[in-house]
Amino acid sequence: HHIPSTFPPIVSFRRSRSRSLQKRLSKVIPGDYQVQVHIIEGRNFTPQDSSGTSDPFVYVKCNVGEAQRTKTQKKTNSPWFDEVLVFNFENLSREALQEATVTIAVYDEDWFGLAKQMIGSYSFDLLSVYTKNDEHELRRVWVGLTDTEENNEEVAAQGFLKMSCTVIGPNDPLPIN
């Protein structure tokens, strides 16, 4: 397609955006990385229990490392977590960082902690967070949770989670929040 010459501001804006993205991508170097995931609160979780509530907890997994979870919040569909989960990755290659994804899954805990049922999940890649801005962070964003575990025809949001994620790489200053 030929772009009419009446649109130079959009084209130059795109160019400057891609230049700043290229600049941020050039800072992606191999080394030690820390990922801080702040699980703040949930809203409108789909009820899982006969009481019309859930006992939710959040399970955070990175495909290049371990998984961690929050404490369980009892009998609520809009829990307050305010927990920071910290993941440390040593000698992460540039390729590994480019392929790294984080999955945040909310589960309902049942049977005295012996069973769990997924409420919904949300996934994102670390590179997009690292290159998003100079602070390398997603800050206090609401994300929609979808049920990806069962052959669930319903793709509507199963609730919302407010979270932050900061990726600290080699030579990056520590964030002051």
Side-chain angles (χ1 to χ4, degrees), residues 13-14 17-18 20-21 24-25 28 33-87 89 92 96-111 113 115-169 175 177:
F13 172 70
R14 272 203 199 124
R17 269 191 56 193
S18 72
S20 73
L21 177 61
R24 289 195 300 269
L25 277 172
V28 176
Y33 283 79
Q34 183 179 82
V35 177
Q36 300 172 356
V37 180
H38 184 190
I39 304 298
I40 302 167
E41 65 177 306
R43 288 241 179 103
N44 303 335
F45 289 172
T46 303
Q48 303 293 322
D49 299 341
S50 57
S51 65
T53 63
S54 297
D55 302 317
F57 68 91
V58 182
Y59 180 82
V60 180
K61 176 152 182 42
C62 187
N63 68 341
V64 293
E66 80 264 34
Q68 297 180 41
R69 59 164 284 177
T70 65
K71 292 183 180 73
T72 301
Q73 304 299 316
K74 297 289 185 188
K75 298 193 181 324
T76 178
N77 294 329
S78 295
W80 179 260
F81 293 101
D82 195 19
E83 288 187 52
V84 177
L85 306 176
V86 178
F87 301 85
F89 304 109
L92 206 59
L97 183 68
Q98 288 174 324
E99 293 171 11
T101 56
V102 173
T103 300
I104 296 175
V106 178
Y107 288 94
D108 173 43
E109 186 172 83
D110 274 326
W111 299 92
K116 63 182 190 209
Q117 180 175 3
M118 181 183 276
I119 295 173
S121 68
Y122 176 78
S123 294
F124 58 92
D125 64 285
L126 285 183
L127 189 64
S128 67
V129 175
Y130 193 73
T131 58
K132 182 174 179 55
N133 50 40
D134 290 337
E135 292 77 39
H136 312 300
E137 72 176 345
L138 283 175
R139 189 167 175 85
R140 302 178 70 81
V141 295
W142 284 99
V143 297
L145 302 170
T146 53
D147 185 352
T148 56
E149 200 165 67
E150 300 171 18
N151 287 332
N152 192 344
E153 293 296 314
E154 196 174 317
V155 291
Q158 303 296 304
F160 300 90
L161 190 69
K162 189 179 197 179
M163 47 104 25
S164 296
C165 179
T166 305
V167 181
I168 303 164
N177 286 344

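The chain is numbered in sequence order, starting from 1.
Residues E109 and R69 are in side-chain contact: their nearest non-hydrogen atoms beyond the backbone lie under 4.5 Å apart. Within the 4.5 Å cutoff, no side-chain heavy atoms of V58 are placed close to those of Y107. A 4.5 Å side-chain heavy-atom check between I119 and P56 finds at least one atom pair inside the cut-off. The shortest distance between side-chain heavy atoms of D82 and H38 falls below 4.5 Å. Between E99 and V64 the shortest side-chain heavy-atom distance does not fall below 4.5 Å. Side-chain contact between V86 and Q34 is present, with at least one heavy-atom pair separated by less than 4.5 Å. The shortest side-chain heavy-atom distance between F160 and E41 does not fall under the 4.5 Å cut-off. A heavy-atom distance below 4.5 Å is not found between the side chains of V106 and Y122.
The shortest heavy-atom contact between F89 and G65 is CE2-CA, 3.6 Å. Between S164 and I40, the shortest heavy-atom distance links the atoms OG-CD1, 3.9 Å. Scanning all heavy atoms of the two residues, the minimum distance from T103 to S121 falls at CG2-CB, 4.4 Å. Here the closest non-hydrogen pair linking M118 and A105 is CE-CB, 4.0 Å. Minimum heavy-atom separation, P47 to G52: CB-O, 3.3 Å. Smallest separation of non-hydrogen atoms from Q73 and F81: CG-CE2, 3.5 Å.
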message = Could you walk me through whether V35 and C62 satisfy the side chain to side chain contact (heavy atoms under 4.5 Å, CB included) test, starting with their C-alpha distance in whole Å, then the side-chain angles of each, then the deciding distance to 0.1 Å, before giving a yes or no?
response = CA-CA 9 Å; V35 177; C62 187; 5.8 Å; no
ask   = Do K162 and R43 pass the side chain to side chain contact (heavy atoms under 4.5 Å, CB included) test, and can you show the C-alpha distance, the side-chain angles, and the key distance before you say yes or no?
value = CA-CA 8 Å; K162 189 179 197 179; R43 288 241 179 103; over 6 Å; no
key: L145 and F45: CA distance, side-chain angles, deciding distance, side chain to side chain contact (heavy atoms under 4.5 Å, CB included) verdict   = CA-CA 9 Å; L145 302 170; F45 289 172; 3.6 Å; yes
request  = Any chance you could lay out the side chain to side chain contact (heavy atoms under 4.5 Å, CB included) test for Y33 and V28, step after step, and finish with the verdict?
outcome  = CA-CA 10 Å; Y33 283 79; V28 176; 4.3 Å; yes
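Side chains of T53 and T76: no donor on one and acceptor on the other come within 3.5 Å.
Not one N or O on the side chain of D49 forms a donor-acceptor pair closer than 3.5 Å with the backbone of S51. The backbone N or O of V84 lies less than 3.5 Å from no partner atom in the side chain of Q36, so there is not a single donor-acceptor pair.
To the nearest 0.5 Å, the span separating OH on Y59 from CD on Q68 amounts to 10.0 Å. A distance of 12.0 Å separates OG1 in T101 from CG in L127, rounded to the nearest 0.5 Å. The distance from the CD atom of Q117 to the CG atom of D55 is 11.5 Å, given to the nearest 0.5 Å. The line from NZ of K61 to CG of L85 is 13.5 Å long, rounded to the nearest 0.5 Å. Annotation: the span from I39 atom CD1 to I104 atom CD1 amounts to 4.5 Å, rounded to 0.5 Å. Summarising the geometry, atom OH belonging to Y130 is positioned 9.5 Å from atom CD1 belonging to I168; distances are rounded to the nearest 0.5 Å.
Of the candidates T146, T46, N44, T46 is the only one forming a side-chain hydrogen bond (donor to acceptor under 3.5 Å, both in side chains) with Q158.
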